[in-house]
Structure formats: structure tokens, C-alpha cells
Amino acid sequence: MRVLGIETSCDETGVAVYDSKLGLLADRLYSQVELHARYGGVVPELASRDHIRKGLPLIQEVLVAAETPLNALDGIAYTAGPGLVGALLVGASLGRSLGMALNIPTLGVHHMEGHLLAPMLEERPPAFPFVALLVSGGHTQLVRVDGIGRYRLLGESLDDAAGEAFDKVGKMLGLAYPGGPRVAALAESGTAGRFEFPRPMTNRPGLDFSFSGLKTYVRNTLAEEAGQSPGGEADDQTRADIARAFEDAVVQTLVIKCRRALQQTGLRSLVIAGGVSANKRLREGLQTMVEKERSQLFYAQPRFCTDNGAMIAYAGCQRLAAGERDDLSLNVKARWPLASLPPLGRPSV
Ligand code: KG4
Ligand code: ZN
């Protein structure tokens, strides 16, 4: 089965063609980062308009790259949520109208299921069951995964998502949007241990997270250092040291909770997915931990950690091949709990 995937849930237009026998044939991504940069965050209306501009040309480009004429497609998958409703509607309308014109089935895919399954595109994919850490701009969740659509939420962030915390701290440090990769780059030249931030919620049982308090530590430390500096601003080295302390705190908190999730479930495989799973120090910290736990770590290559069309084409292909299809209504969802998804092949209610 050959499936076109379309991702438009936020500020990236991603398209891809996935074939159940041949694997990923081609993918294309257009990032709107520059469009939103001067506003310091994503402007939903601008995002929707740009998806409209970029959608069709990108689809045309990816079909050519995949040597797949329109009539060779067997199905179309698009992101149906969670995300920005206007942006989601663009991808959904494109997918649904193309599907109707070609008389092939379409399916709305859950964005986080896409992230969760992205490591399946790698040469060494994980086998079910496993523990998944989903860390993106909107979500921080630990999930027990027994198969596609068989998800049990083990814990989640009670406030900011890990990526959101990175982005907000990036703003405080004067870095451009999105802050995550930039905070990580700045932390590279930081001195570990000069500042020590807490590891929130690790000294009590449970698998939930809280990252919003770390922002306050960053803000207060920055203000203190600025107050002591003759120029009234924290110097470059201090900013790097603060970035390092913040990154270390987030990484270690995630490592502690992942270890706890492996121990509680007795599972030996950990999958990390979503934008923050591209973070080098997080990968290193988790790798060291899983080795001690005699477990294994799986993740996607960096370009498939952040939003992309390949993960939607892959997830959609699995579900379409199992017979799932859209009904007549066109539904996108701003919020959509992952654990509410049906097991593979069963229609959602
Ligand atoms: O999965 P994603 O592309 O979009 C959502 O579904 O939210 O994740 C984007 C998030 C942003 O918050 C971004 O700052 C963060 O992932 N991110 C990173 C890194 N790369 C992306 N955070 C920390 N370190 C990185 N290397
Ligand atoms: Zn995402």
C-alpha cells in the first residue's frame, strides 16, 4: 500500500510518500520558522495561510521525488490533531479533497501517534511493548505502548511541556524562536555545576512532570546576575552557564522518570520521540541510563524527531492497511488524548 502523508498541525508543512513494502520513498518539509520569528512564537492565522500556499506545490514535489503519479496512491493520511485548528483544516481539506478526486481512502492521524511511531522508520526499529517518552512543544508524556493504538498514559506534565519550557527559557536568554535547539547550542559553552537548578517532582513517587518552576529559577538567576554586573546585563558566559544548568535539570529529570517507568513496567525498551528527543544531551543521558538498566534506547533521526510528513505517512499507512477510513464528516481536533485512540483496525468511536 502506498500512502501520501500530510502534516500541517503547527508551523511546518510536511509531506511524504510511504510504501508498506518499499518503506519511505520521499519526504519534503517547509518550515515557517522565519515567518513567525519576529513575533517570538507561532501566529496561528499566518501559519494556516502559509500551509495553503505551500501544501500543493510540496505535494507535487514529493510525488515527483517518489516517482509516484497520483493514480499510484492507495490512500492519503493527514494530521487531524492535536494542533492549531486552522492549520489542521488546511491539511485535512487537502487530503480529503485529493482522496475524493482519486476515489481512494483517507484517514486523519493523531499527531503524537505519528511522533511515537517515527522511530519505526529507522533501520533498527523498536519492537512492542515499550515505554515511550513523548517530548514535544505541546506534550511531555510517558506512555506504555503495547501495539499501535494500545497506549496507556503513565505520566505527563502538569504544566509546561519540556519543549515549551526550552522555548520560554530561550526567550528569557534573548534567543530567537524556537528556543529549544538554541538553548542547547548555548549550553554547549556553559560550565556544568556553576548554577544548580532543582529536578522537579523527582523526590516523590509517580511519573508526572512539572517544568514551569524551572523558568522561575532561570528568571531569578538572570536577574541576580544582571544586578551584580556593571553593565546591568548578564554576560555571555553567565547566560551559557544558566542555559547549561537548565538543560541539565530538564535532562536529568527526564532520565530519572524514564528509569522509574522502565522499572515500574518491567519493560526493557525505551523509545523517545517528539522535537526534544533531538536533544543530544538527553540522548546521551538516557543512553547511559538504559545501559545500566540492561535496556535499549530507540529514537528517530533528528529530522524525523521534529514535525514531518514521514511520520504521518507511516502511521496512516499502518491504519489504512488495517482497513480504517474516515467517515463522511471532516473532523480536526485541537485537543485529542492519545490514550483514546482505538487499537489498530478498530474504528474510533
Ligand atoms: O515535535 P515538535 O517539532 O512540535 C510539536 O509537536 O510541538 O517539537 C518542537 C519542540 C520545540 O519546543 C523545540 O524548541 C523543541 O521541540 N526542540 C528542542 C530541540 N529541537 C527541538 N528542544 C531541545 N533541544 C533540541 N535540540
Ligand atoms: Zn510535533
Side-chain angles (χ1 to χ4, degrees), residues 5-14 16 27 29-33 36-37 40-42 44 47 78-84 87-88 91 109-119 132-141 156-157 160-173 175-188 190 211-212 214-215 218 243-244 246-255 271-286 299-312 314-315 333-336 338:
I6 306 171
E7 154 65 36
T8 64
S9 68
C10 191
D11 58 347
E12 244 110 35
T13 318
D27 71 288
L29 187 77
Y30 179 81
S31 170
Q32 304 176 352
V33 160
H36 302 292
V42 178
Y78 57 89
T79 306
L84 303 171
L88 290 165
V109 169
H110 193 293
H111 181 77
M112 297 312 291
E113 179 169 75
H115 275 306
L116 176 64
L117 297 177
L133 172 71
L134 300 177
V135 267
S136 69
H139 294 79
T140 301
Q141 297 183 325
E156 64 183 331
S157 178
D160 291 355
E164 189 181 357
F166 264 100
D167 294 340
K168 288 177 178 170
V169 163
K171 232 181 211 180
M172 288 181 211
L173 291 169
L175 303 172
Y177 178 86
R182 293 180 170 92
V183 170
L186 182 62
E188 286 287 311
F211 291 111
S212 80
L214 282 176
K215 277 180 321 207
V218 170
R244 179 64 192 262
F246 167 77
E247 185 180 43
D248 281 349
V250 173
V251 166
Q252 281 197 25
T253 303
L254 293 171
V255 169
V271 168
I272 52 168
V276 184
S277 70
N279 184 280
K280 199 173 112 236
R281 228 177 275 281
L282 175 64
R283 291 176 169 203
E284 288 169 358
L286 288 171
Y299 43 72
Q301 51 189 287
R303 70 194 183 103
F304 295 150
C305 287
T306 44
D307 291 350
N308 65 87
M311 66 186 196
I312 301 304
Y314 176 84
K333 301 179 184 105
R335 290 175 189 281
W336 188 5
L338 183 69

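The figures that follow rest on heavy atoms only: side chains count, while hydrogens, waters and symmetry mates do not. Remember, it's 1-based here, ligands and their atoms both numbered in the order they're listed.
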How does [X] reach ligand 1, by side chain, by backbone, by both or by neither, if only non-hydrogen atoms under 4.0 Å count?
X	answer
His139	neither
Thr306	both
His115	side chain

Checklist line | Heavy-atom gap His111 to ligand 1 smaller than 4.0 Å | finding: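 A heavy atom of His111 does come that close to ligand 1.
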Next item on the list: Give a yes/no verdict on whether any heavy atom in Gly138 is under 4.0 Å from an atom of ligand 1.
Entry: yes
Check: Got Glu188 and Arg281 here, is their nearest side-chain heavy-atom distance under 4.5 Å?
Finding: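 With C-beta onward as the side chain, the pair touches.
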Check: Would you say Cys10 and Asp307 make side-chain contact, with heavy atoms under 4.5 Å?
Finding: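 In short, these two side chains touch, coming nearer than 4.5 Å.
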Next item on the list: Could you name the option among Pro178, Gly275, Gly274, Gly180 that has the heavy atom nearest to atom 20 (N) of ligand 1?
Entry: Gly275
Item checked: Plane angle bin for Phe166 and Phe246 - parallel if under 30°, tilted between 30 and 60°, otherwise perpendicular -> perpendicular
Margin query: Whether Lys280 and Glu247 form a salt bridge (side-chain N of Lys/Arg under 4.0 Å from carboxylate O of Asp/Glu) is what I want to check.
Written below: no
Check: Between Asp248 and Arg244, is there a side-chain N and carboxylate O pair less than 4.0 Å apart?
Finding: yes
Note to self: Regarding His115, does it place an N, O or S atom less than 2.8 Å from the Zn ion (ligand 2)?
What the structure shows: yes
Note to self: Using 2.8 Å as the threshold, say whether any N, O or S atom from His111 sits that close to the Zn ion (ligand 2).
What the structure shows: yes
Can you confirm, on distance only, whether ligand 1 has an N/O atom lying under 3.5 Å from any N/O atom belonging to [X]?
X	value
Gly137	yes
Gly163	yes
Glu12	no

Check: Which N/O/S atom belongs to Asp307 and is the closest one to the Zn ion (ligand 2)?
Finding: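 Atom name of the closest N, O or S in Asp307: OD1.
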